[in-house]
Amino acid sequence: MELARFDDDLTRRLLNHVGHEPRERSVADLTALQHAFLDHVPYENLDIHIGRATTIDPVESARRILRGRGGYCFHLNGAFASLLLSLGYQVTLARGKVTGRDDGELGNHMVVMVHLDGDTWLPEVGLGDGYRDPIPLRAGVIRQPPFQYELKRLDSGRWRFGHDQRATIEGIDFEPDPVPLTAFEPNHSFLSAAPASRFVRNLVVQQRRHDHTLILRGCVRIHTGAHGIAERHVVDQVEWWALIADEFGLNIDDIDGRERQGLWHRIRHEHDEWVAAGRR
């Protein structure tokens with residue numbers, strides 16, 4: 001399985017889903033497409049928590065998106081990369097690693113690189129609370145109000161993306177050398193199924209919006225913007241599912257009543273234990 005273009009029908013349906021009308025290939029159009037994708041496709045790992053296996057096949061990921069769902073980095077960045085290829089962009093994938101966590105080896109994050117008019121750009125739709133606009137592969141401070149990021153070259157030859165201090169992760173280290181899509185399969189197997197995986201341990205839904213990020217981690221709703229971080233515990237089952245469906249816009253019609261009850265009781269139990277341990 002390699003990164004490849006979508007067929008014309010799937011490309012058209014995906015563009016319609018996110019509400020984007022492509023124009024000539026440019027940084028402006030790349031930025032507009034990233035905005036459209038972020039606005040319509042949340043980062044989420046519900047399938048892991050209801051026991052549904054997924055692959056990193058971009059076609060499978062695109063079809064899930066068309067059903068009103070999302071995914072995590074391998075799904076979202078993989079589908080976005082194939083969509084960009086389908087629109088005529090020159091795209092390569094690179095192996096990244098979340099910094100500040102012992103989460104496994106290089107390759108636990110998929111980095112998309114777009115080579116355009118002599119420059120390399122880093123679009124990102126699979127980081128949850130990541131950056132809003134594509135960033136150039138160039139050392140420096142990046143301001144996308146209300147957040148600030150930094151990109152720098154390390155002595156090892158890797159690059160480091162330093163996230164905003166209010167974000168959920170410290171950042172991403174990555175090697176710019178192109179790799180095939182299959183390079184991410186071992187990490188997907190671990191992240192989607194291993195008991196030690198943070199995705200298996202924690203349910204999360206995230207979205208980067210134009211001036212803030214919104215996160216549901218377990219039973220905690222987190223809004224981060226210009227005025228700081230606001231947290232609220234959502235401990236009513238009806239409100240919790242409504243938050244997922246209405247505020248994040250995820251289609252949960254294919255999650256039946258038994259699955260919803262089972263997931264809610266587990267997430268609420270874990271939340272109560274977390275509060276009892278004083279981890280507010």
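Numbers here simply count residues along the sequence, with the first being 1. Note: hydrogens, waters and symmetry copies are ignored here, and every other heavy atom, side chains too, is used. All figures in this text were calculated on a predicted structure; none of them were measured in a lab.
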Please determine, by modelled atom types, if [X] and [Y] share a side-chain donor-acceptor pair under 3.5 angstrom.
X: Glu124; Y: Asn77; value: yes
X: Asp129; Y: Thr168; value: yes
X: His49; Y: Arg266; value: yes
X: Asp29; Y: Tyr89; value: yes
X: Thr224; Y: His212; value: no

Looking at [X] and [Y], would you say the former's side chain and the latter's main chain have a donor-acceptor pair under 3.5 Å?
X: Asn45; Y: Asn202; value: yes
X: Arg153; Y: Gly157; value: yes
X: Asp164; Y: Gln148; value: yes

Taking 4.0 angstrom as the limit, do [X] and [Y] come out as a salt bridge?
X: Lys152; Y: Asp173; result: no
X: Asp256; Y: Arg260; result: no
X: Arg52; Y: Glu259; result: yes
X: Arg217; Y: Glu231; result: no
X: Arg132; Y: Asp39; result: yes
X: Arg160; Y: Glu150; result: no
X: Asp47; Y: Arg69; result: yes

Write down the atom of Thr55, the atom of His75, and the distance for their closest heavy-atom approach. O-CD2, 3.3 Å
Provide the closest heavy-atom pair for Ala4 versus Ser82 in the form atom of the first, atom of the second, distance.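 So the minimum-distance heavy-atom pair works out to O-OG, 2.9 Å.
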More than 12 non-hydrogen atoms from neighbouring residues, nucleotides or ligands closer than 6.0 Å to [atom1] on [X], yes or no?
X: Arg166; atom1: CZ; value: yes
X: Arg23; atom1: CZ; value: no
X: Glu2; atom1: CD; value: yes
X: Asp8; atom1: CG; value: no

If I take atom CG from residue Asn187 and atom NE2 from residue His109, how far apart are they, to the nearest 0.5 angstrom?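 The distance works out to 12.0 Å.
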How are the rings of His188 and Phe74 set to each other: parallel, tilted or perpendicular (split at 30° and 60°)? perpendicular
Please work out whether the ring planes of His271 and Trp274 are parallel, tilted or perpendicular, with thresholds of 30° and 60°. tilted
Starting from Val141, walk the hydrophobic network (Ile, Leu, Val, Met, Phe, Trp, Tyr; side-chain heavy atoms closer than 4.5 Å) and list everyone else you reach, by chain and number. none
Below 4.5 Å, heavy atoms only, C-beta onward: do [X] and [Y] meet side chain to side chain?
X: Phe37; Y: His35; result: no
X: Leu122; Y: Val111; result: yes
X: Leu83; Y: Leu15; result: yes
X: Leu127; Y: Arg208; result: no
X: Val275; Y: His233; result: yes
X: Leu181; Y: Pro58; result: yes
X: Trp264; Y: Trp240; result: yes
X: Leu33; Y: Leu84; result: yes

Following the transitive rule for hydrophobic clusters with a side-chain heavy-atom cut-off under 4.5 Å over Ile, Leu, Val, Met, Phe, Trp and Tyr, establish whether Leu30 and Val41 coincide in one cluster.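 Yes, it is one cluster - the side chains of Leu30 and Val41 are joined through contacts under 4.5 Å.
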Would Phe161 and Tyr149 count as a ring pair (Phe, Tyr, Trp, His ring centres under 6.0 Å) if you check the C-alpha gap in whole Å, the side-chain angles of each, and the deciding distance to 0.1 Å? CA-CA 7 Å; Phe161 166 73; Tyr149 317 107; 5.5 Å; yes
How far apart are the C-alpha atoms of Phe199 and Tyr72, what are their side-chain angles, what is the distance that settles it, and do they pass the ring pair (Phe, Tyr, Trp, His ring centres under 6.0 Å) test? CA-CA 9 Å; Phe199 292 137; Tyr72 70 103; 4.5 Å; yes
